[in-house]
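A quick write-up on the structure given underneath.
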Amino acid sequence: MNAPEVSPPPPTVFDLPLHPLGWRDPLRWLARGWQDFTRCPGLGLFYGACFAGMGWLLLTVYQHAPAYTLALSAGFLLMGPFLCLGLYEASRRLERGQRPDLGSSLLAWEAKLGTMAIFGGVLLILEMLWGRASLVVFAVSFDHMPDFQGSLWKLLAPENLNFIVAYVAVGGVFAALIFAVSVVSLPMILDRHTDAISAALTSLRLCLTQTGVMLWWGFLITLLVVLALLPAFLGLLVIGPVLGHASWHAYRGAVGHHPGQNTAAPGA
């Protein structure tokens, strides 16, 4: 009697191939992000205005309650990826030769609501921990509530150096963790039938196996965002959507598919 055939176990998230990346790839992602922006500038400017509006709102809060602004500023890293969902959808449609529109981009999350909610909950917990840690740093750095109202330069005064170093160090740890679990997660959830944990693990595995290139990508994102903030947040009108489109191309260029799965060629 012949032994029954044993089917191979189904592929797991750890079997998902990751494409080897080079140092020039992040620059290519930015170039393709700019191309997508120029192909649908109205949609991009809408999301850019949302990013700039968040900056103006935080600046207004800073003028009245600076301690809370330091904690709430971490929300940029929470809201940014979800605002970018519409930009991912636009880039996906452009990749397929379709015309993107604002309505479909605003409803990009609808088909994956449950998965998006779970992933959003994870990011929310991390953001709340970051915010709490920021308030603790603020509390132990000053004996009383300092008056920073109306001037960012008061916060950056030399006597506040210890506070700035501690705040940047704590924020850097949480920012790196959030970046590691989300850098390709949301585009992957939007594009595939995958769960939030698998997407986060794929993103983390990408950062752990190709750390140098992903650090370079994170540095470019940080640099461009900082430069965009300087002219009264107006740079976010363009830099925000370009980075959103570029993040889609980062996902397409970095994450492969299980063998035998039909898909379009990645945008690497």
- Using 4.0 Å as the upper bound for N to carboxylate O, is an ion pair formed by Glu95 and Arg92?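 No.
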
- Task: Assess whether side-chain contact (heavy atoms from CB on, under 4.5 Å) is satisfied between Leu21 and Leu206, documenting all intermediate values.
- Result: CA-CA 10 Å; Leu21 300 175; Leu206 175 64; 4.2 Å; yes

Hey, does [Y] have a side-chain heavy atom less than 4.5 Å from the side chain of [X]?
| X | Y | result |
| --- | --- | --- |
| Leu16 | Arg205 | yes |
| Val213 | Pro26 | yes |
| Thr222 | Phe179 | no |
| Leu43 | Asp101 | no |
| Phe51 | Val238 | no |
| Leu237 | Leu234 | yes |

- Query: Once you round to the nearest 0.5 Å, how far does CG of Leu30 lie from CH2 of Trp217?
  - Reply: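 Interatomic distance, Leu30 CG to Trp217 CH2, rounded to 0.5 Å: 4.5 Å.
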
- Task: Decide whether Val225 and Phe219 are clustered together by the hydrophobic rule: side chain heavy atoms of Ile, Leu, Val, Met, Phe, Trp, Tyr closer than 4.5 Å, transitively.
- Result: yes

- Task: Flag yes if Leu186 and Ile118 sit in one hydrophobic cluster, no otherwise; membership is Ile, Leu, Val, Met, Phe, Trp, Tyr, and two members link when side-chain heavy atoms are under 4.5 Å apart.
- Result: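 No, no single cluster joins them.
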
Are the side chain of [X] and the backbone of [Y] linked by a donor-acceptor contact shorter than 3.5 Å?
| X | Y | result |
| --- | --- | --- |
| Asp25 | Gly22 | yes |
| Ser203 | Ala199 | no |
| Ser198 | Asp195 | no |
| Ser105 | Leu87 | no |

- Output, in order, the C-alpha distance, side-chain angles, deciding distance and verdict of side-chain contact (heavy atoms from CB on, under 4.5 Å) for Leu177 and Leu126. CA-CA 9 Å; Leu177 180 58; Leu126 290 174; 3.7 Å; yes

- Item | Residues Leu94, Trp248; criterion side-chain contact (heavy atoms from CB on, under 4.5 Å); working and verdict | CA-CA 11 Å; Leu94 288 171; Trp248 168 262; over 6 Å; no

- Task: Name all pairs fulfilling the side chain to side chain donor-acceptor pair (under 3.5 Å) condition that reach into residues 229-247, sequence neighbours left out, sorted by first residue then second.
- Result: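 Checked against side chain to side chain donor-acceptor pair (under 3.5 Å) - neighbours excluded - the pairs reaching residues 229-247 are Ser91-His245.
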
- Message: Other members of the hydrophobic cluster containing Leu208, with the 4.5 Å side-chain heavy-atom rule, please.
- Response: Leu204

